[in-house]
Amino acid sequence: MKYYVRNGVLERMFGFELQLRTHPFMPVRVYGYNGATYRDELGNKTFETLYGIGKKRVAPIFTTVLHFGKNPWRTNLRLSDRATMSPDVARVMTPHFDDFKVRVVDFAGMSGDELSIFPTDIRIVAQYFRAKRRQIEYVPTKLVFVHTRQVWDFMKYVAGDRRFDFNSIMAGHRREPKTKCEVLDRIIKKRVEEAVGEAFENGFENGRKKERLELHREMAADL
């Protein structure tokens with residue numbers, strides 16, 4: 001949750017949900033999160049003491065789902081998509097049903113022009129997942145990181161690939177990489193060095209050295 005405070009008064013809050021796949025009950029989840037936060041505003045002394053709210057008003061909450069998944073998010077956007085009613089009940093009660101729709105930002109489905117309005121760190125991550133969705137070769141960007149460690153920690157856990165471990169990327173280097181090209185160069189170099197070391201330990205019989213080198217180059221290329 002991100003707070004926006006002006007002159008000591010909380011004016012609005014922004015909530016963000018990260019998703020790698022469509023969740024059928026995301027409208028229910030977001031509806032519940034927002035409701036719980038509004039209740040906190042009314043009953044939490046911290047809001048009243050620090051931000052001057054809770055007795056006479058509440059700060060509005062804007063929650064957005066950030067989607068990086070392989071498939072577009074086209075369904076289960078509304079509470080009504082999962083609220084089951086019989087035809088007879090629906091005919092009478094639908095006009096009185098308080099529907100709720102989640103806002104989804106589909107980063108992996110955006111074009112380069114659409115991504116250009118976002119900060120560089122978000123664009124770097126989105127370009128990676130966009131290539132994954134389209135099943136095309138990922139071309140490393142030359143955009144410069146603003147928060148290098150945070151981006152790679154995010155990539156390690158979200159992409160589920162330990163090759164993005166920041167400490168591993170920094171091993172043997174004093175300077176943080178500035179672009180994703182530089183990071184991938186380090187990963188490829190490390191994998192090739194590991195392959196050479198493994199080949200020396202186990203011998204070069206039957207062309208195993210070449211096979212290992214090619215295997216690790218392919219692994220790095222998958223990034």
Side-chain angles (χ1 to χ4, degrees), residues 1-5 10-48 51 53-115 117-119 121-136 138 150-151 153-161 164:
M1 190 69 72
K2 193 80 172 178
Y3 294 0
Y4 183 86
V5 180
L10 179 62
E11 289 195 341
R12 52 191 177 273
M13 288 183 280
F14 298 92
F16 301 97
E17 285 294 313
L18 174 65
Q19 288 293 125
L20 290 178
R21 59 184 60 86
T22 302
H23 193 294
F25 289 101
M26 184 55 67
V28 180
R29 288 175 55 183
V30 173
Y31 195 89
Y33 297 154
N34 289 354
T37 305
Y38 281 125
R39 287 290 299 272
D40 282 345
E41 289 190 59
L42 291 175
N44 192 320
K45 289 293 184 181
T46 301
F47 281 104
E48 183 180 334
Y51 304 121
I53 62 171
K55 286 188 175 181
K56 296 183 179 180
R57 70 174 189 87
V58 294
I61 303 167
F62 303 89
T63 302
T64 302
V65 177
L66 309 180
H67 181 50
F68 293 93
K70 292 182 179 179
N71 300 309
W73 192 315
R74 296 194 178 101
T75 61
N76 300 307
L77 292 169
R78 294 183 178 275
L79 188 59
S80 56
D81 293 337
R82 287 284 163 171
T84 303
M85 291 185 282
S86 67
D88 291 341
V89 172
R91 187 164 49 250
V92 176
M93 298 305 298
T94 296
H96 308 286
F97 177 69
D98 295 326
D99 206 353
F100 176 78
K101 182 180 180 181
V102 295
R103 287 179 295 275
V104 175
V105 178
D106 191 2
F107 281 110
M110 288 185 174
S111 67
D113 289 339
E114 290 171 325
L115 286 174
I117 67 173
F118 293 97
D121 287 351
I122 293 179
R123 275 186 276 165
I124 290 168
V125 174
Q127 288 169 354
Y128 171 83
F129 284 101
R130 184 176 62 174
K132 288 293 185 183
R133 176 181 292 186
R134 297 180 180 182
Q135 297 182 334
I136 60 176
Y138 172 71
Q150 289 83 348
V151 169
D153 283 344
F154 177 88
M155 292 292 293
K156 179 176 69 173
Y157 291 108
V158 173
D161 194 329
F164 289 116

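None of these values were measured; they are calculated from a predicted model. Side chains are part of it too, since the values below use all heavy atoms of this structure and drop only hydrogens, waters and symmetry mates.
Partners of Asp99 according to the side-chain hydrogen bond (donor to acceptor under 3.5 Å, both in side chains) rule, which considers only residues two or more places apart in sequence or in another chain, are Ser80. For Phe14, the side-chain contact (heavy atoms from CB on, under 4.5 Å) test picks out Lys2, Tyr4, Arg12, Phe16, Phe62, with sequence neighbours left out. Not counting sequence neighbours, Thr22 has no partner by the side-chain hydrogen bond (donor to acceptor under 3.5 Å, both in side chains) test. Evaluation of the side-chain hydrogen bond (donor to acceptor under 3.5 Å, both in side chains) rule for Arg133 yields Asp106 as partners, not counting sequence neighbours. The side-chain contact (heavy atoms from CB on, under 4.5 Å) test applied to Pro87 returns no partner, not counting sequence neighbours. Not counting sequence neighbours, Arg39 has no partner by the side-chain hydrogen bond (donor to acceptor under 3.5 Å, both in side chains) test. Taking the salt bridge (Lys or Arg N to Asp or Glu O under 4.0 Å) definition, one finds that Asp113 meets it with nothing, sequence neighbours left out. Remark: Glu11 pairs with Arg6 by the salt bridge (Lys or Arg N to Asp or Glu O under 4.0 Å) rule, at least two apart or across chains. Taking the side-chain contact (heavy atoms from CB on, under 4.5 Å) definition, one finds that Phe107 meets it with Leu66, Phe68, Val105, Met110, Leu115, Phe118, Ile122, Ala126, sequence neighbours left out.
In this structure the side chain of Asp81 never reaches within 4.5 angstrom of the side chain of Thr75, judged on heavy atoms. You'll find the side chain of Val28 reaches within 4.5 Å of the side chain of Leu79, heavy atoms only. Inter-residue side-chain proximity for Ile61 and Glu41 is flagged as met; some heavy-atom pair is nearer than 4.5 Å.
Across every non-hydrogen atom of Ile117 and Glu114, the tightest pair is CG1-O, 3.4 Å. For His67 against Val104, the heavy-atom pair with the smallest separation is CB-CG1, 3.9 Å. Counting all heavy atoms, side chain and backbone alike, Met1 lies closest to Thr37 at CE-OG1, 3.8 Å.
Put simply, the side chain of Arg103 never gets that close to the backbone of Val65: no donor and acceptor are under 3.5 Å apart.
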Return a table of donor-acceptor pairs under 3.5 angstrom between the side chains of residues 90-97 and protein atoms on other chains or two or more places apart.
unit_1	atom_1	unit_2	atom_2	d
Arg91	NH2	Asp88	OD1	2.6
Thr94	OG1	Ala90	O	2.6

Task: Chi angles and distances behind the side-chain contact (heavy atoms from CB on, under 4.5 Å) call for Trp73, Arg21 - done: CA-CA 8 Å; Trp73 192 315; Arg21 59 184 60 86; over 6 Å; no
Open item on the list: Val58 vs Leu42, test: side-chain contact (heavy atoms from CB on, under 4.5 Å). Steps then yes/no.
Closed with: CA-CA 7 Å; Val58 294; Leu42 291 175; 3.8 Å; yes
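With no hydrogens or angles considered, a side-chain donor-acceptor pair links Arg82 and Asn76 at under 3.5 Å.
Counting only residues at least two apart or in different chains, ring pair (Phe, Tyr, Trp, His ring centres under 6.0 Å) contacts with residues 21-44 comprise Tyr31-Phe100. Legend: salt bridge (charged side-chain N to carboxylate O under 4.0 Å, His left out) pairs involving residues 68-78, not counting sequence neighbours: none detected.
A distance of 10.5 Å separates OG1 in Thr63 from CE in Met26, rounded to the nearest 0.5 Å.
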